[in-house]
Structures are given as structure tokens and as C-alpha cells.
Amino acid sequence: MTNASLVVPTLADFESARDVVGRVAAVTPMETSRYLTELLGSPVLLKCENLQRTGSYKIRGAYNRMSKLTDEEKLRGVVAASAGNHAQGVAFAARELGIQATIFMPVGVALPKLQATRDYGAHVILRGNTVAEPLLAAAEWAAETGAILIPPFDHADVVTGQGTVGLEILDQVPDLATVIVPIGGGGLISGVASVLKQRARRDGRQIRVIGVQAANAAAYPPSLEAGRALEVQIIPTIADGIAVAKPGLLNFEIVRDAVDEVVTVTEDDTARALLVLLERAKLVVEPAGAVAVAAILAGKVTATGPTVAILSGGNIDPLLMQRVISHGLSASGRYLTLRIMLPDRPGQLARISELLAEAHANVIEVLHTRHGVGLQISEVELNVSVETRGPDHRQLVVDVLRAAGYEPQFD
């Protein structure tokens with residue numbers, strides 16, 4: 001999905017879009033994070049687009065684009081492809097504008113996202129197992145039916161709509177010094193960065209823009225190094241909302257000129273961020289929406305002055321949340337799974353339990369088996385999962401077991 005003109009929106013375009021987007025999008029809260037402020041050494045605020053209508057910023061770009069369609073184009077309907085947030089944004093915008101929407105989604109899409117898209121009135125067609133197949137199907141549908149294809153990021157109207165987030169940030173944090181933005185295809189960061197840099201030039205000040213990608217789906221760093229948009233191989237990531245193999249062409253041009261730095265975060269970084277947001281900020285955020293905070297936690301960001309991290313979405317499947325929380329607890333040193341080989345005689349399980357109690361580790365799950373790979377006839381394998389209070393306590397648990405003559409194995 002390309003934009004042939006590659007016209008960068010002006011500040012006046014963004015201001016005009018704010019009036020349009022304001023018909024459907026809420027001005028989302030800006031929350032201060034004391035925990036992240038202490039960690040970064042500068043004031044950190046959270047722009048809560050996870051609390052936006054439809055659960056993400058995507059409603060802004062979708063509505064702005066679709067509001068510009070002619071009456072004849074609206075009668076032809078719209079079509080889009082997405083695994084979640086863009087689908088919901090297009091479906092909601094279409095309902096508000098009285099347009100028929102057809103959305104192609106992968107067969108394995110999370111049930112809450114599928115149901116929400118249908119509840120907004122869209123006709124959903126499941127196709128393929130990855131986002132690439134629905135994208136192709138949507139393009140074919142547009143060619144066959146005349147429906148207007150609504151791209152997720154690579155269009156000036158979409159970029160302009162997403163950039164209204166930047167205008168709100170400037171209203172809420174007038175002395176803004178740095179903003180940290182999740183990146184997938186680049187729709188959000190190209191809009192936000194363009195707004196902030198244009199306003200900064202007008203006002204004679206400096207504002208830094210830092211982009212964050214999941215390390216398993218990071219197309220921007222090699223593309224920026226090469227000077228052109230490159231396609232990369234995507235490795236599965238929990239941050240599926242920003243798992244885009246190739247930057248948008250318009251988005252890349254803006255990012256290259258307006259973004260100061262792009263960093264990447266690991267799966268563990270992202271899981272820890274989601275957990276921190278739940279515990280410290282009481283905010284439910286999807287993994288893709290948490291990567292800006294992940295960059296702070298991982299030490300990938302240095303900042304002086306007020307820093308805003310954009311929480312771009314909150315549409316997370318409860319089942320995925322359960323897995324990510326467990327992963328985050330493990331990555332934070334607060335959840336430990338041990339594999340211990342024991343002599344096959346009475347009392348060994350009780351002894352391990354005593355040692356764990358002495359170390360004040362809370363047992364969550366136990367699996368005791370004689371059928372593990374590599375076991376001797378006289379051995380049993382014990383897999384035990386425990387809660388710990390952090391890395392130091394985790395090490396204490398291991399040391400207590402080793403002092404008693406056991407050799408626990410763990411990741």
C-alpha cells in the first residue's frame with residue numbers, strides 16, 4: 001500500500017484534522033509515572049491511547065481518511081485488512097459515517113478483537129493464518145468490487161489523523177522535551193514526529209522523538225541505515241500490533257527526516273513493561289502499546305526534561321495477558337521454575353518442600369514424574385514453580401537447594 005505523492009502533511013493539515021477526529025476520538029488522559037520518573041531521572045508521563053475509543057489510536061487515522069471520501073466513494077464501501085486495532089478503527093469509523101465496511105482478518109485472530117469488529121457493524125471475512133494473506137485478499141476485494149481500500153499507515157490522511165495525538169501531547173505537556181513512540185509500519189510516529197518537529201521549529205525549541213520497535217519485527221533500523229524502506233523477516237512476537245515487515249513509503253520519508261533515534265526492545269523487556277504498567281500505573285496495555293515503557297525499563301532511552309511515553313493500545317486478549325504476565329514475572333526474577341533430579345525414595349518431595357519453605361519461596365505448581373527424558377530407573381524428576389521477591393531472592397532459593405546437595409536447573 002503506497003502513497004504515490006508522498007506529500008508530508010503541514011501543521012495546518014494537522015490542526016484541521018483535529019477538528020475532524022474530535023468528532024469521534026476522545027482526548028485521552030496524560031498520567032504521571034513516579035516509578036518511571038525515578039528510573040529515568042526525568043519526569044515521565046504516559047499518554048493513554050489505550051483508553052481511546054476502540055482501544056487504540058487507530059480510530060484517528062481511519063476516521064480522518066474516511067471522512068474525506070466523496071459521496072460516491074462512500075456508496076462503494078470500504079475494505080481493510082488487520083489482525084485487530086486497525087480493523088476496529090475502520091469498523092467504528094464506517095459505522096459513524098454510514099459506510100459499509102468489509103474487514104479481512106486472519107483465521108487465528110483473537111476472539112475479543114474479532115467480536116469487537118463485528119459488533120461495530122463490519123462484515124468480517126477470515127482469511128489465511130498471517131496478516132499478509134488478509135492484506136492480499138483486501139486488495140483483491142477492492143479491485144473486484146470498487147470498495148475503497150483503507151491502509152493502516154501509508155497514506156497522508158491516515159498520518160494526519162494519527163498526528164493529532166502529538167497536538168494533544170503539546171497541549172497537555174507544554175514543556176515537552178522527549179516523546180517515545182511505538183513503531184510498526186510508522187503511521188503513528190510519522191504523524192506525531194511531523195507535528196512535534198514542525199511546532200518546535202515554529203517555536204524555536206527542540207523536541208526529541210524516539211521510536212521503539214520489537215526486536216523480532218524491526219524493519220526501521222536496517223531501512224534507515226540503507227536509506228530506503230526494506231522488508232525484513234519477522235520472528236513471532238508478543239507485540240503483534242507492531243509486527244510489520246516493511247515501513248510505509250510516506251512513513252519512512254517522515255521518520256528519516258523527523259525522528260532522532262529508533263531503538264528495539266526484547267520480548268522480556270516488553271513483558272516486564274506490561275507488568276509494570278499493571279502494577280504501578282493500574283493500566284491495561286497490549287504488548288505493542290507498552291514498548292515505549294519497555295525502552296525506558298531496558299535503559300534504551302536517555303532524556304532530560306519532561307518525557308512522554310505513548311501507550312498506543314490496550315486491546316489484549318485475556319489469555320495472552322495471562323501468559324505475558326507469567327512471562328513478565330519470570331523476566332523480573334519473581335517467578336522461578338526449577339527442574340530437580342531426585343532419588344526415587346520416600347521423603348524427597350517433602351525435603352524439597354521444607355527447603356523452599358526455609359527460603360520463603362511460595363510454591364505455585366509441582367510436577368513429579370518418573371517418565372522424563374534421560375532419567376535413570378532410580379530417579380524421578382521434579383518440576384516446581386515458585387514465586388520469588390526478585391533476583392536476589394531467586395538466587396537465595398537456588399543457593400539453599402544447592403547447599404542441601406541438590407542441583408536445580410532453571411532458565
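The model shown is predicted, which means the values in this text are computed figures rather than measured ones.
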Going by heavy atoms in the side chains, are [X] and [Y] under 4.5 Å from each other?
| X | Y | value |
| --- | --- | --- |
| Leu356 | Val386 | yes |
| Leu396 | Val398 | no |
| Val195 | Leu170 | yes |
| Val90 | Val78 | yes |
| Pro182 | Val212 | no |
| Thr32 | Pro43 | no |

- Set of salt bridge (charged side-chain N to carboxylate O under 4.0 Å, His left out) partners for Arg118, sequence neighbours left out: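 By the salt bridge (charged side-chain N to carboxylate O under 4.0 Å, His left out) rule, Arg118 matches no residue at all.
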- All salt bridge (charged side-chain N to carboxylate O under 4.0 Å, His left out) counterparts of Asp257, not counting sequence neighbours: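 Salt bridge (charged side-chain N to carboxylate O under 4.0 Å, His left out) list for Asp257, sorted by chain: empty.
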Donor-acceptor pair between [X] and [Y] side chains, under 3.5 angstrom:
| X | Y | answer |
| --- | --- | --- |
| Glu381 | Asn383 | yes |
| Thr10 | Asp13 | yes |
| Tyr220 | Glu225 | no |
| Ser42 | Thr307 | no |
| Asn64 | Gln162 | no |
| Ser56 | Gln88 | no |

- Under 30°, 30 to 60°, or over 60°: which ring-plane class applies to Tyr120 and Phe92, parallel, tilted or perpendicular?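 Rings of Tyr120 and Phe92: perpendicular, as their planes differ by over 60°.
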For a quick test of your reading: what N or O donor-acceptor pairs under 3.5 Å do the side chains of residues 44-52 make, sequence neighbours left out?
from  : atom 1 : to     : atom 2 : distance (Å)
Lys47 : NZ     : Thr28  : O      : 2.9
Lys47 : NZ     : Thr28  : OG1    : 2.9
Lys47 : NZ     : Glu168 : OE1    : 2.7
Lys47 : NZ     : Gln172 : OE1    : 3.0
Glu49 : OE1    : Gln52  : NE2    : 3.4
Glu49 : OE1    : Arg60  : NE     : 3.0
Glu49 : OE2    : Thr28  : OG1    : 2.5
Glu49 : OE2    : Arg60  : NH2    : 2.8
Asn50 : ND2    : Val284 : O      : 3.1
Gln52 : OE1    : Ala26  : N      : 2.8
Gln52 : NE2    : Ala26  : O      : 2.9

Interatomic spacing from [atom1] in [X] to [atom2] in [Y] - rounded to 0.5 Å:
| X | Y | atom1 | atom2 | value |
| --- | --- | --- | --- | --- |
| Thr37 | Ile296 | OG1 | CD1 | 8.5 Å |
| Asp175 | Arg205 | CG | CZ | 7.5 Å |
| Ile242 | Ile189 | CD1 | CD1 | 10.5 Å |
| Arg199 | Ile169 | CZ | CD1 | 11.5 Å |

- Message: For the backbone of Ile238 and the side chain of Glu267, can you confirm whether one donor and one acceptor N or O come within less than 3.5 Å of each other?
- Response: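 Yes; judged by distance alone, with no hydrogens or angles, the pair exists.
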- List the steps, then state whether side chain to side chain donor-acceptor pair (under 3.5 Å) holds for Ser190 with Asn251. CA-CA 5 Å; Ser190 56; Asn251 312 113; 3.1 Å; yes
